[in-house]
Amino acid sequence: MTTSSDSWRTAIASALNILKTEKGLDAPDIDAASIVFEIPPKPELGDYAFPMFPFAKAFRSAPPAIAARVGEILGEKALATGLGSAVAAGPYLNVRIEKLSVVETTLRSVKAAGNSWGRGTALAGQKIMVEFSGPNTNKPLHLGHLRNDALGVSISRVLAAAGAEVRKVNIINNRGIHICKSMLAYMKFANGTTPESEGIKGDRFVGNFYVKFHEYAQKNPGAEAEAQELMRKWESGDPETIELWKKMNGWTIAGINVTYKRTGVSFEKAYFESDTYLKGREEVMKGLESGAFYREEDGSVWVDLAEIGLDKKVLLRKDGTSLYVTQDIGTAIYRHNDWAFNRMVYVVASEQQYHFKVLFHILSKLGYEWAKNLYHLSYGMVNLPEGKMKSREGTVVDADDLLDGLRDLAKEEILSKGRELDVGDIDETAEKIALGALHYYLLQATPTKDMLFNPKESLSFTGDTGPYLQYMGARIVSILRKWDELEPGKRGRFRPELLTGPEEWELVKMVASFPDKIAEAYREMNPAVIAAFLYDLAKLFSRYYHDNPIINNLDADLNATRLELTQAVMQSLKNGLELINVPFLEKM
RNA sequence: GAGAGAUUAGCUCAUCUGGAUAGAGCGACGGCCUCCGAAGCCGUAGGUAGGCGGUUCGAAUCCGCUAUCUCUCACCA
């Protein structure tokens, strides 16, 4: 597809240059690369459209006139030989490309590539680190983490599909005052209970104590001070405090890992704040020596951000202790030493845009050349119909609860359709449908924008949803299964020239564009590109096979040929769903 | 006070680097299961793209002003 559009550009550039000579203009030659093309709004118009507006001024004639003459020249001079045909339509030159070879090569490529269909090499040789999730060890994951995780997993897979070597890393926020609060509450109210003794997930168990702390603090003004005191004990390495801290962190992380496993989230490496929070200090001291930073009279160390139009910022307190940025400076350098990435992507909420702007600037000020390749994949908040999620008001949507709810609903749906016997393991299927619904819902929106999470809508399985895509996949697999059951003698022969219908041509073009969509997704750092592509593909195929029998035609060759197309659609769907972490289902 | 972002159909979202009549889903209304699974398919209704101005042959898209909303500007993380 790409190559044929390039050939057309060359042909049109030549035609324009001939027209230029005809008109006796002495402007420089028109370069093929400067010719823009687009996809016509309606397929009947053609496969490509070349707008002639840009040449109106130089040629001193109206775009429709140019289009008309260019169309003639292409015909007269046979510039389009083998490329297809061109026809002027108003200011556009609409082009139809030679279908047969495209159909043939597309279907053959998909078949040959199989599960790697769509993968490219644009990022080959690139080492890209992707940080996402960033849980706290004082509470379970919530809806916000789910969006973060969905984006992190998806963008990692997209980058890998573009040829990069990707390393997914987590940052575990396991220290700080909030951690001490749940520890304090545990000391006061737990009476030695454990997640095992209570039979609940470790992250939930610890989170409950975090809630208890706040209840306690309401009645006891001294609570904050007590937590601060515990924090000091932790920092001074008090053995009992450390022991409790380790125990509770272990519980939380074990619980969170269960949720990760459930949602298909994994990491090559986890970094712990408790290991990295001190590392920034020496880097800041080096920067102080090199003159990148300066010291105030009280001993605190600052950076002047005037170069990027911002104010001044503290990097070390007067007592020499680190802050959030300081810690992230250390973590970034530590990680680059760990694994020398070419690029690093931070999947972090948009509320931290300022933080990353500052962080990246400081790192480049410290002379780290790779700092310019750091990227903040900023995503918007997930709001509820009632408004923002607020932990104080208890409106935070717990990740496990949400998944359970979705899973139960999917199960009901299976039962109500009477498919429990067809589906195999009903619980596993329901779980996968739930994940499909959730991940598609979270990824179909543009990452940078805030989004509204409507529980009712996310539970819906009809229309523009993950389960719809899964359903189309299952239906296709069902057809392929029937084909396999056919006697080999009745299967016919693949003859691409039989794919003459307009929908068939649209499907082939769409399948062929899958690699371009992956490229677009990584360039824009936006998995929604993949989600939208899959929906369009599924919808188009759905209409197609509704109106056209795939393997029930009298013509055995037509069956075999349509089956190849169906197979290619299935492969594109399957590979695309993998990129957005929506499970592909053979039956549902 | 300053910075960043948002505003598109009743609701949730698309609209690729400015291009042909702004598209989907949900909801509403109306059709389609002796036919490869109806979680489906087809159709109807619904938009002055927050508002005003500008640039351009052409603006949802770029620029300015303005309204409303969100986030940020901590020696919190």
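For the numbers below, each heavy atom of this structure counts, side chains included, while hydrogens, waters and symmetry mates do not. Chain letters run A, B, ... following the sequence lines, proteins first, then strands; residues in each count from 1.
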Nearest-Å distance once atom [atom1] is located in both [N] and [M]:
N: B/C41; M: B/C26; atom1: P; answer: 9 Å
N: B/G1; M: B/G27; atom1: C1'; answer: 44 Å
N: B/U44; M: B/A4; atom1: C1'; answer: 43 Å
N: B/U61; M: B/U17; atom1: C1'; answer: 10 Å
N: B/A6; M: B/U66; atom1: C1'; answer: 16 Å
N: B/G58; M: B/U68; atom1: C1'; answer: 30 Å
N: B/G50; M: B/A60; atom1: C1'; answer: 12 Å
N: B/A14; M: B/G25; atom1: C1'; answer: 10 Å

Dot-bracket for RNA chain B, 5' to 3', Watson-Crick and G-U pairs with both distances under 3.5 Å, [ ] for crossing pairs, | for partner on another strand, reads (((((((..((((.....[...)))).(((((.......))))).....(((((..]....))))))))))))....
Nearest atoms (heavy-atom pairs only) where A/Arg335 meets A/Asn170 = NH1-O, 4.2 Å
Shortest non-hydrogen pair, A/Asn94 vs A/Ala89, comes out as ND2-CB, 3.4 Å
CG on A/Leu146 to CG on A/Leu151, rounded to 0.5 Å = 11.0 Å
Compare the minimum distances between each of [options] and the side chain of [X], then state the nucleotide with the smallest one.
X: A/Tyr471; options: B/G40, B/U12, B/C41; result: B/G40
X: A/Ser542; options: B/C13, B/C41, B/A39; result: B/C41
X: A/Ile550; options: B/U21, B/C36, B/A14; result: B/C36
X: A/Glu413; options: B/A39, B/A20, B/G37; result: B/A39
X: A/Leu45; options: B/A20, B/G37, B/C13; result: B/A20
X: A/Thr446; options: B/C36, B/A39, B/A14; result: B/A14
X: A/Gln444; options: B/C41, B/C13, B/A14; result: B/C13
X: A/Met381; options: B/U70, B/G37, B/C36; result: B/U70

Contact under 4.0 Å: [X] side-chain N or O vs [N] OP1/OP2:
X: A/Lys449; N: B/U12; answer: no
X: A/Lys388; N: B/C71; answer: yes
X: A/Ser300; N: B/C75; answer: no
X: A/Ser478; N: B/C36; answer: no
X: A/Arg317; N: B/C76; answer: yes
X: A/Lys482; N: B/C36; answer: no
X: A/Arg475; N: B/A38; answer: yes

Would you mind classifying the nucleic acid contact of [X] as base, sugar-phosphate or nothing, using non-hydrogen atoms under 4.0 angstrom?
X: A/Ala62; value: nothing
X: A/Asn553; value: nothing
X: A/Met472; value: nothing
X: A/Pro51; value: nothing
X: A/Asp298; value: base

Just grab all the salt bridge (Lys or Arg N to Asp or Glu O under 4.0 Å) pairs involving residues 536-546 of chain A, residues at least two apart or on different chains.
-> none
Restricting to pairs with a member in residues 559-570 of chain A, which pass salt bridge (Lys or Arg N to Asp or Glu O under 4.0 Å), not counting sequence neighbours?
-> A/Lys111-A/Glu564, A/Glu504-A/Arg562
Would you please say whether a donor-acceptor pair under 3.5 Å links the side chains of A/His355 and A/Asp328?
-> yes
Say whether A/Thr252 and A/Thr137, considering side chains only, have a donor N or O and an acceptor N or O under 3.5 Å apart.
-> no
What string of B, S and - do you get for nucleotides 24-31 of chain B, 5' to 3', if B is base contact, S is sugar-phosphate-only contact and - is no contact with any protein heavy atom under 4.0 Å?
-> SSS-----
In terms of base orientation, is B/C57 syn or anti, with the syn window spanning 90° either side of 0?
-> anti
Flag the pair A/Phe461 / A/Tyr471 as yes when their ring centroid distance falls below 6.0 Å, and as no otherwise.
-> no
For the ring pair A/Tyr440 and A/Tyr535, is the centre-to-centre distance below 6.0 Å?
-> no
Step-by-step side chain to side chain contact (heavy atoms under 4.5 Å, CB included) determination, A/Phe213 to A/Met183 | CA-CA 9 Å; A/Phe213 171 85; A/Met183 286 163 63; over 6 Å; no
Is there a donor N/O on one and an acceptor N/O on the other, under 3.5 Å, for the side chain of A/Asn94 and the base of B/A20?
-> yes
May I ask you to decide whether [X] forms a salt bridge with [Y], counting only side-chain N to carboxylate O separations under 4.0 Å?
X: A/Lys509; Y: A/Glu506; result: yes
X: A/Arg232; Y: A/Glu235; result: no
X: A/Lys411; Y: A/Glu420; result: no

Of A/Glu520 and A/Glu273, the one whose closest nucleotide on RNA chain B sits nearer the 5' end is A/Glu520
5'-most by nearest nucleotide on RNA chain B - A/Leu310 or A/Asn454 | A/Leu310
Sequence neighbours excluded, every pair satisfying side-chain hydrogen bond (donor to acceptor under 3.5 Å, both in side chains) that has a member inside residues 374-389 of chain A = A/Asn148-A/Tyr379
Relative to A/Tyr334, does A/Lys279 satisfy both conditions: NZ or CZ under 6.0 angstrom from the six-membered ring centre, and within 45 degrees of the ring's axis?
-> yes
Contacting residues from residues 349-361 of chain A, given that a heavy atom lies under 4.0 angstrom of RNA chain B | A/Glu351, A/Gln352, A/Gln353, A/Tyr354
